[in-house]
Q: 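First the structure, which I've put down as C-alpha cells, then a few questions once you've had a look.
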Amino acid sequence: MPEGPEIHRAADSLSAVLTGRTLTRAWFAFPELKPHEKRLRGREVLGVEARGKAIVTRFDNGWTLYSHNQLYGQWRVLCAGEEAKTTRSLRVALETDQHRALLFSASDVELIRDEDLDQQPYLARLGPDALDPATTHDDIRAQLINPRFSGRSLAALLLDQGFVAGMGNYLRAEVLFDAGIAAHHRPRDLDDDIRARLANALLAIPRHSYRTRGVERIGAGMRADLQYDDGERFRFRVFGRDGKPCERCGTAIVRSESAGRRLYCCPKCQQ
DNA sequence: CTTTAAACCTGCTGGC
DNA sequence: TGCCAGCAGGTTTAAA
C-alpha cells in the first residue's frame with residue numbers, strides 16, 4: 001500500500017536488477033498485452049523509474065511499460081530459479097538470466113510507445129515530484145501560488161498528484177504537522193513565511209521517508225540497498241496516533257476525516 | 001469552480 | 001476452519 005517513497009524504492013529495486021539487462025522472457029496476465037510478450041523478449045531494459053506513484057520501465061525497442069500499484073499492487077524481485085510462493089494474482093513477469101521481477105495484483109498496466117508516454121492520462125497530469133532530485137523549493141512555491149491550486153484547501157491539495165506528485169494520505173498528515181498548519185487553510189491565505197515552511201515540509205518529509213524506508217515492512221521482498229539510511233526509521237508523529245500525546249506539546253492527537261480520507265493532527269500545534 | 005460520494009481494483013484483519 | 005463485514009497508505013468518475 002504505497003505512497004511516493006514506497007513506489008520510488010520499488011523502482012530502485014527493479015532498476016537494480018533490470019537496467020542494462022536483456023529480457024529472456026516477458027509475461028502478462030492481461031490478454032490485450034499478450035502480443036507484447038514476443039516483442040519484449042531479447043530486448044534490453046534501458047531504465048526503471050518512478051513518476052509520482054507510477055513506475056515506467058523503458059525498453060530498447062521504443063516501448064515503455066507503465067504500471068500503477070494502486071492500493072494493492074506489489075513488485076517482487078526473485079533470483080532466477082527461485083519460485084514465487086504463489087502465482088495467484090500474478091500480473092506481470094519480466095525475467096533476465098539472473099532475476100525475475102514479478103508484479104502482483106495491480107490492474108493498471110499499459111505498454112506505451114515512448115513518444116506517447118507523456119500523453120498517458122495519469123502521467124500527463126502529474127505535478128512536480130517531491131522525490132525527483134530536480135524538484136526545487138521554488139517549484140513547490142510556484143505550485144502554492146498558482147491560481148489553479150492556491151484557492152483549494154491543503155487537505156485536498158496534499159492528495160492531488162497534479163499539485164505535488166508522490167503525496168499520499170500518511171504524507172499529508174505528516175507534512176501538515178511538520179509545517180504546523182491546519183488542513184483547512186488555502187495557500188493564498190497563508191503568509192509567505194508559512195508558505196515557505198510548507199514548501200520545505202512538502203519536500204523534506206517525502207524525502208526523509210524515502211531515505212529511511214518509510215512505512216515499508218522490512219523483508220517484504222524488496223532488496224536492501226545501501227543508499228538508504230538504515231540506522232534511522234521514519235516515525236509517524238501524527239498518522240495513526242489518535243489519542244496519543246503530541247510529541248511537541250502533549251496534546252492528544254485528533255483523528256478526523258477530510259476529502260474522504262482519515263486525517264490526523266495536533267489541534268494545538270496546527271492552527 | 002470546489003468538494004463530496006461512490007465505485008472499482010484486491011488483500012488483510014477481526015468477529016462470529 | 002470458514003465466511004463475511006469492514007477497512008485500507010489510490011484513483012477516477014459523477015453528482016452536489
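Each chain gets a letter, A, B and so on, in the order its sequence line appears, and its residues count up from 1.
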Q: Can you check the distance between dA5(C) and dA7(B), where both ends of the measurement are the P atom (answer in whole Å)?
A: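 Straight-line distance between the two P atoms is 16 Å.
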Q: Is it true that Arg262(A) and Asp242(A) have a side-chain N and a carboxylate O under 4.0 angstrom from each other?
A: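 No, no charged N to carboxylate O under 4.0 Å.
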Q: Could you tell me how far dC1(B) sits from dT11(C) if I compare only their P atoms? Round to whole Å.
A: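 Rounded to whole Å, the distance is 22 Å.
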Q: Output the rounded distance in Å from CG (Leu158(A)) to P (dT11(C)).
A: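 Leu158(A) atom CG is separated from dT11(C) atom P by 13 Å.
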Q: Using a 3.5 Å limit for the pairing distances, which stems of at least 3 consecutive Watson-Crick or G-U wobble pairs does DNA chain C take part in?
A: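 Correct response: B:2-8 with C:10-16, B:10-16 with C:2-8.
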Q: I'd like a list of close polar pairs between nucleotides 2-4 of chain C and the protein, N/O only, cut-off under 3.5 Å.
A:
none

Q: Kindly write out the residues that satisfy side-chain hydrogen bond (donor to acceptor under 3.5 Å, both in side chains) with Ser105(A), not counting sequence neighbours, or none if the list is empty.
A: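 None.
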Q: Got a salt bridge between Arg91(A) and Asp108(A), using NZ or NE/NH1/NH2 to carboxylate O under 4.0 Å?
A: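 So Arg91(A) does not pair with Asp108(A) through a salt bridge.
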Q: Are a donor atom and an acceptor atom from the side chains of Asp114(A) and Thr64(A) found within less than 3.5 Å of each other?
A: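 Their side chains do contain a donor-acceptor pair, which is all the 3.5 Å distance test asks for.
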Q: List for me each residue that meets side-chain hydrogen bond (donor to acceptor under 3.5 Å, both in side chains) alongside Arg197(A), sequence neighbours excluded, and say none if there are none.
A: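 So Arg197(A) forms no side-chain hydrogen bond (donor to acceptor under 3.5 Å, both in side chains) with any residue.
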Q: If you only use heavy atoms from C-beta on, which nucleotide in dA8(C), dT11(C), dG11(B) is closest to the side chain of Ser89(A)?
A: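 In terms of side-chain proximity for Ser89(A), the closest of dA8(C), dT11(C), dG11(B) is dG11(B).
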Q: Please give, in whole Å, the distance from dG11(B) P to Arg76(A) CZ?
A: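 Taking atom P of dG11(B) as the reference, CZ of Arg76(A) is at 10 Å.
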Q: Strictly by modelled atom types, are Glu110(A) and Tyr122(A) linked by a side-chain donor-acceptor pair under 3.5 Å?
A: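 The criterion, which ignores hydrogens and geometry beyond distance, is not satisfied for Tyr122(A) and Glu110(A).
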Q: Would you say Arg235(A) has more than 12 foreign heavy atoms packed within less than 6.0 Å of its CZ?
A: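 At most 12 heavy atoms, drawn from other residues, nucleotides or ligands, come within 6.0 Å of this atom.
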Q: Less than 4.0 angstrom from a charged side-chain N to a carboxylate O is my criterion; do Arg9(A) and Asp12(A) meet it?
A: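 Result for this pair is no, no salt bridge flagged.
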Q: Nearest whole Å is fine: how far is dC1(B) C1' from Phe163(A) CZ?
A: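 Taking atom C1' of dC1(B) as the reference, CZ of Phe163(A) is at 18 Å.
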Q: Validate the cation-pi geometry between Arg248(A) and Phe177(A): distance from NZ or CZ to the six-membered ring centre under 6.0 Å, angle to the ring axis within 45°.
A: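 That pair qualifies as a cation-pi contact.
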Q: Between C1' on dG9(C) and CZ on Arg9(A), what's the gap in Å once rounded to a whole number?
A: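 Spelled out: CZ on Arg9(A) to C1' on dG9(C) is 12 Å.
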Q: In whole angstrom, what separates Tyr170(A)'s OH from dC7(C)'s C1'?
A: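 It is 19 Å, rounded to the nearest whole Å.
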Q: What is the distance from CG of Asn69(A) to P of dT12(C), rounded to the nearest Å?
A: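 Taking atom P of dT12(C) as the reference, CG of Asn69(A) is at 14 Å.
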Q: Which part of the nucleic acid, if any, lies within contact of Phe239(A), taking any heavy atom under 4.0 Å across all strands shown: a base, the sugar-phosphate backbone alone, or nothing?
A: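 Contact class for Phe239(A): sugar-phosphate only.
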Q: Could you run through nucleotides 2-9 of chain B and give me one letter per nucleotide, 5' to 3': B if any protein heavy atom sits under 4.0 Å from the base, S if only the sugar-phosphate is that close, - if neither?
A: SS----BB
Q: How many whole angstroms separate atom CZ of Arg237(A) from atom C1' of dG9(C)?
A: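 Between C1' of dG9(C) and CZ of Arg237(A): 18 Å.
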Q: Find the distance Arg262(A):CZ to dA8(C):C1' and express it as a whole number of Å.
A: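 So the two atoms are 7 Å apart, to the nearest Å.
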Q: Could you tell me how the ring of Phe234(A) sits relative to the ring of Phe236(A): parallel (under 30°), tilted (30 to 60°) or perpendicular (over 60°)?
A: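 The rings of Phe234(A) and Phe236(A) stand perpendicular, inter-plane angle above 60°.
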Q: Would you say the side chains of Tyr72(A) and Ser89(A) form a donor-acceptor pair under 3.5 Å?
A: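 Side chains of Tyr72(A) and Ser89(A): no pair found under 3.5 Å.
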Q: Going by the rule side-chain hydrogen bond (donor to acceptor under 3.5 Å, both in side chains), which residues pair with Arg25(A) if we only count those two or more places apart in sequence or in a different chain?
A: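 If we apply the side-chain hydrogen bond (donor to acceptor under 3.5 Å, both in side chains) test to Arg25(A), skipping adjacent residues, the hits are Glu95(A).
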